[in-house]
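Comments concern the structure below.
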Amino acid sequence: MILEALEREGVEYIFGYPGGANLPIYQHLPEHPNLKHILVRHEQGAAHMADGYARASGKPGVVFATSGPGALNLVTGLCTAYMDSVPMIAITGQVVSTQVGRDAFQESDVIGATSSVTKHSYLVTRIDQLPRVIHEAFHIATTGRPGPVLIDICKDVQQADAERITPQYLDLPGYKLNGHVNLDQARQAAQALAGAERPVILAGHGVLLSHAERELMQLSEAAAAPVGTTLLGIGAFPVKHPLSLHMTGFMGTGWCLKAVQNADVLMMVGMRVDDRVTAKLSEFAPNVKTFIHVDIDESEMGKNVRPHIELVADARLALEAMLPHVGKVQADRGNWLAQIDEWREEHPLRYRHSNGQLQPQDVLIDMYRRAKSEAIVVADVGQNQIWAALWWNYDRPGLFINSGGSGTMGFALPAAIGAKFGRPDLPVWCVAGEGGFVMTAQELSVAVEHQLDVKIVLLNNFSLGMVRQFQDDFYGGVRSQVDLTHMPDFVKLCEAYGLPALRVEKFEDIAPSFDAAERTKGPFLIDFRIDPEANVYPIVPLGKGLNEFREAPEYA
Amino acid sequence: MLEMKPKPAAAPLPVKGKETRIRVLSLLVEDGQNTLTKVSGVIRRRGFHVRGISVGPSRQPGRSRITLQIDHGHAEADQVRKQLERLVEVVEVEDLTGDEVHSRELIVAKVAASELEALLQRGAKVLSTGPDGTTVEFSGDADEVGDFVNELARHGIVEVVRSGPVVMRRTE
Ligand SMILES: Cc1ncc(C[n+]2csc(CCOP(=O)(O)OP(=O)(O)O)c2C)c(N)n1
Ligand SMILES: [Mg+2]
């Protein structure tokens with residue numbers, strides 16, 4: 001009955017792992033050839049695969065795990081999806097309902113352990129609850145602000161015989177959807193933007209989730225307002241557009257941060273305005289007279305920054321409603337844009353290419369040259385993530401996937417695998433540091449088993465690079481527990497897993513290695529031994545305001 | 001019901017127009033194994049603090065009424081309501097902070113003394129008498145109940161329990 005319900009919801013892939021408490025489901029799985037089950041090597045991998053699948057395809061990812069340790073292994077993956085508003089359904093087996101509460105074998109309080117990292121959760125103890133619960137779970141996971149929903153199903157319910165209970169009604173009086181727009185506020189927002197001297201728009205993940213990219217561009221152009229994106233909003237606005245400020249936040253571009261700090265009207269769309277975006281809150285955007293906040297989740301209003309005009313609505317509908325009211329734009333907007341161009345020249349993104357060592361930026365630039373904008377990049381967490389965010393010119397939505405809110409190391413490989421299942425038509429690149437990569441490297445087997453065309457770019461700096469950089473710059477230069485010289489030989493590791501791999505140490509070998517990767521069908525890994533001292537710039541020192549960003553030194 | 005030691009610090013009820021970190025909320029929630037955990041989970045996770053709570057059935061079958069007095073801590077005051085609204089189990093949240101309300105708390109106390117004139121004058125009702133003391137009940141707003149507890153102390157408290165508040169908006 002569970003499997004039938006999943007078919008009814010249009011599920012194609014399930015990422016899962018069997019065990020005692022979900023065996024009845026697995027017993028019947030072969031009867032449902034439409035449901036393709038991907039056997040992972042660790043449940044965390046399943047959650048990240050479902051996450052990558054959902055972000056790449058726009059459809060909810062589905063995960064199976066058994067009770068106790070199986071379900072608890074999902075927690076990090078659920079949290080990752082929850083923080084980034086990714087639709088996911090996790091179905092976990094629970095001990096027999098009469099055993100619940102008796103500390104039965106592999107019993108754990110999964111609802112209790114996951115409540116704070118799921119949008120909603122259900123414990124199912126009776127078969128008649130099941131069809132409604134599954135239908136509601138998909139509804140909740142995919143509507144409004146999306147998120148993971150967990151369904152914990154007792155083993156006896158999985159085994160119960162039920163007469164087929166068909167199509168389901170929703171019974172969710174407490175589930176409120178903030179869809180529609182307050183037109184009065186939309187007009188006010190549009191007029192504030194048009195009447196501003198120094199407007200800036202910041203776009204977050206919500207713009208991508210509501211497919212508001214076109215409306216964003218129209219609004220930005222109509223109001224001559226430049227647009228920066230958050231790390232998760234990358235792709236919401238083309239980086240090469242003249243009004244693009246590229247990325248904002250404490251590792252954002254210098255010209256974007258200058259624009260934010262000098263803006264008089266700041267509109268924030270589909271974003272949480274968290275500490276990585278504001279840096280020191282009391283110094284965030286100090287010249288703003290009018291904050292406009294658009295988000296579908298009312299609780300984001302005023303959580304961190306108190307807006308003067310708030311629109312609790314779907315981003316696309318809100319921007320659409322604003323468009324007709326932009327009207328005439330403030331006369332000397334040209335000065336503001338010229339000022340931003342000056343900052344763009346004063347504070348360019350730059351890196352060292354002259355010390356004879358392989359630089360990560362060189363690797364990414366070559367990658368971009370090949371991929372154009374026709375590939376998905378899934379990044380892990382750390383320096384590699386920020387390099388991948390800044391050194392690609394994402395100009396289409398949905399091409400950059402990373403764990404922004406939770407910052408989960410080990411995300412990239414399984415998420416890239418999931419993304420490839422979700423978008424088999426697009427090349428998928430996985431960019432990871434060696435530290436994060438080994439946290440979920442066991443999932444290489446899945447890539448090999450399904451001969452997935454996932455190309456893995458390891459930016460190997462022999463250290464927990466981001467932590468090392470923080471220690472160097474903000475913690476007295478004490479390098480403590482960040483050395484990763486004792487790591488496997490990645491080429492041999494790949495050989496053991498059954499995929500081809502190359503090691504690259506010199507600039508000249510970048511291009512041939514990518515050639516080889518592109519020629520090869522199936523997974524491929526390149527171990528780029530990069531400059532271990534390469535850093536991420538710009539960066540705002542912890543606890544400082546955005547205008548105190550530090551830039552890369554001017555290399556000779 | 002919250003068990004209380006004598007001399008309780010009554011949560012001050014917010015007064016209209018006066019700065020306070022206490023929000024008074026009335027929630028209509030779906031009955032379910034998980035509802036109270038979810039509500040208290042949000043309160044804990046967002047750094048709020050419960051100062052008073054009472055739970056009871058509502059007029060609608062399958063739904064309960066929760067009355068909460070919550071300290072919103074360093075968060076924006078309205079975050080308590082917004083965060084609770086996000087829960088699927090919560091059907092309705094009414095913010096009564098600063099409104100004209102009837103707010104009642106119930107106290108049941110056992111005192112050693114048999115001379116109860118002062119308590120009865122305040123409106124206490126005798127529930128039972130026995131060789132080891134008299135049990136009385138009293139209800140009132142937070143101040144009245146606080147005063148009543150002080151009065152009780154003079155009568156030798158054996159045991160006392162005090163409920164959280166139930167609050168209803170005044171409509172004249
Ligand atoms: C699961 C987890 N543990 C710890 C951290 C803290 N952390 C953030 S970046 C980082 C270093 C990552 O090293 P590596 O994967 O080699 O990437 P690099 O920064 O070197 O590119 C660490 C330890 C984290 N984000 N996630
Ligand atoms: Mg590293």
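What you see is a predicted model, and the numbers here were worked out from it, not measured in a lab. Just so we're on the same page: letters track the sequence lines, and every chain starts at 1.
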| message | Is A:Asn304 in contact with chain B via its backbone, its side chain, both, or neither, using a 4.5 Å heavy-atom distance? | response |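 Answer is neither: A:Asn304 stays 4.5 Å or more from chain B.
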| request: Would you mind checking which part of A:Lys176 comes under 4.5 Å of any heavy atom in chain B, side chain (CB onward), backbone (N, CA, C, O), both or neither? | output: side chain
Segment of [X] engaging chain A (4.5 angstrom heavy-atom cut-off):
X       : result
B:Glu85 : both
B:Leu28 : neither
B:Arg46 : side chain

Nearest heavy-atom pair of [X] and [Y]: which atoms, and what distance?
X        : Y        : answer
A:Ser116 : B:Arg45  : CB-CD, 3.7 Å
A:Met301 : B:Gln79  : O-NE2, 3.6 Å
B:Asn34  : A:Ser121 : ND2-OG, 4.0 Å

Going from [atom1] on [X] to [atom2] on [Y], what distance comes out if it is rounded to the nearest 0.5 angstrom?
X        : Y        : atom1 : atom2 : value
B:Gln33  : A:Ile111 : CD    : CD1   : 8.5 Å
A:Leu172 : B:Glu30  : CG    : CD    : 8.0 Å
B:Arg81  : A:Glu298 : CZ    : CD    : 4.5 Å

| Neighbour count above 12 (heavy atom, 6.0 Å) for B:Arg44 CZ |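 Not buried by this count: 12 neighbours or fewer within 6.0 Å.
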| task | Look at B:Glu92, B:Glu89, B:Arg86, B:Gln83 and state which one has the largest set of heavy-atom pairs under 4.5 Å with chain A. | result |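 Highest number of heavy-atom pairs under 4.5 Å: B:Arg86.
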| remark: Residue from A:Gly174, A:Ser115, A:Gly144 scoring the most non-hydrogen pairs under 4.5 Å with chain B is A:Gly174
